[in-house]
Protein chains: 2
Amino acid sequence: MPGTATESKARVEVACCAPLDTVNMTSDQAEQAAAMFKALADPARIRIVNLLANAPDAACVCDITPHVELSQPTVSFHLKKLLTAGLVERTQRGKWAYYSIRPGVLSEIADALELKGTRT
Amino acid sequence: MPGTATESKARVEVACCAPLDTVNMTSDQAEQAAAMFKALADPARIRIVNLLANAPDAACVCDITPHVELSQPTVSFHLKKLLTAGLVERTQRGKWAYYSIRPGVLSEIADALELKGTRT
DNA sequence: TTGTCATATTGACAAATGTCGATGTGTCAT
DNA sequence: ATGACACATCGACATTTGTCAATATGACAA
């Protein structure tokens, strides 16, 4: 990194930029934020979240499946990803499993964003 | 899907949920949103974005690298991902490449989020 | 209890991703 | 021209991811 004139020999190099001393986020914070975004990093899961966010009530898998045009096991696979990421909730009623957006999730994502700087 | 009483035989089954007629997003919209989130779906890239968002000025690779504790080629790899996703900008000045957050990106991400429902 | 239905899990596999060392490319100073 | 430096690209590799058919699980009805 240029700009550190430590040697006795005249190191007059220009600095490439400011030292970047900003408070770093912890590895945990980074991993956690990345996990949130990873859960949304797939078109199928985006569709599911969109569906659930706009649905009047919780929705069962049999109604979600036709909207994403994937096999039922694959839809379950994506729902599990969303579930373990904490983006959706699951409740069993009868033989059906109902999924819904976990309340407050959207604002949490917004928080994750501000975590990386409020400027701009 | 239960609830569709089409047969002449009395199909008195209970419906599992409402028909979910909500306006679907297009495949393009889903893919585009997923691409945004995919760019953020990695701890290293989260750190980089955090760094750039909090930096007073644009930062060069040589200053970013030590903060993410990865090899220089790997950092370049991540920067390229962020670049092609449109999250950061690149300008060459002298022998250094300066990266900065593309202005307006954070609100665009927020928009992508609202795309999946304004309720909660 | 037996069957049916809705959902989850498993096993297999192709494709994408993250990582690094080695090397290429472009820019500046000498 | 030559060398040093900052960064990008390449080749190789292990890991993760998304997908499906087949099968297991769990709930209800008859």
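Because the structure is a prediction, the values reported are computed rather than measured. A, B, ... follow the sequence lines: proteins, then strands. Residue 1 opens every chain.
- At least one side-chain nitrogen or oxygen of A:Arg90 sits closer than 4.0 Å to the OP1 or OP2 atom of C:dA8.
- Other residues, nucleotides and ligands contribute only 12 or fewer heavy atoms inside 6.0 Å of the CD atom of A:Glu69.
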| request: Give the C-alpha distance, both sets of side-chain angles, the deciding distance and a yes or no for side chain to side chain contact (heavy atoms under 4.5 Å, CB included) between B:Leu87 and B:Met36. | output: CA-CA 8 Å; B:Leu87 296 190; B:Met36 287 220 70; 3.5 Å; yes
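- Only B:Lys81, listed by number, bring a heavy atom of residues 79-87 of chain B to less than 4.0 angstrom from any atom of DNA chain C.
- B:Lys38 places its NZ atom 8 Å from the P atom of D:dG18, with the value rounded to the nearest Å.
- Nearest heavy atom pair, residue B:Val75 against residue B:Val61, reads CG1-CG1, 4.1 Å.
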| Audit row: B:Lys81, B:Lys38, side chain to side chain contact (heavy atoms under 4.5 Å, CB included) steps and yes/no | CA-CA 9 Å; B:Lys81 289 238 163 188; B:Lys38 199 175 292 192; over 6 Å; no
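- Minimum heavy-atom separation, B:Leu70 to B:Thr65: O-CG2, 3.4 Å.
- Close to C:dA8, at under 4.0 Å from its OP1 or OP2, lies a side-chain N or O of A:Tyr99.
- One distance of note links OG1 of B:Thr91 with CH2 of B:Trp96; it measures 13.5 Å at 0.5 Å rounding.
- Within 6.0 Å of CD on A:Glu89 lie more than 12 heavy atoms contributed by other residues, nucleotides or ligands.
- One can place CD1 of B:Ile48 at 13 Å from C1' of C:dT19, the figure rounded to the nearest angstrom.
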| task | Could you run through nucleotides 19-28 of chain D and give me one letter per nucleotide, 5' to 3': B if any protein heavy atom sits under 4.0 Å from the base, S if only the sugar-phosphate is that close, - if neither? | result | BBBB----SS
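- Here C:dA6 presents its P atom at 11 Å from CG of A:Asp63, a figure rounded to the nearest Å.
- Counting to the nearest Å, the C1' atom of D:dA6 and the OH atom of B:Tyr98 are 10 Å from each other.
- Of the candidates B:Val105, B:Asp42, B:Ile48, B:Leu82 forms a side chain to side chain contact (heavy atoms under 4.5 Å, CB included) with just one, namely B:Ile48.
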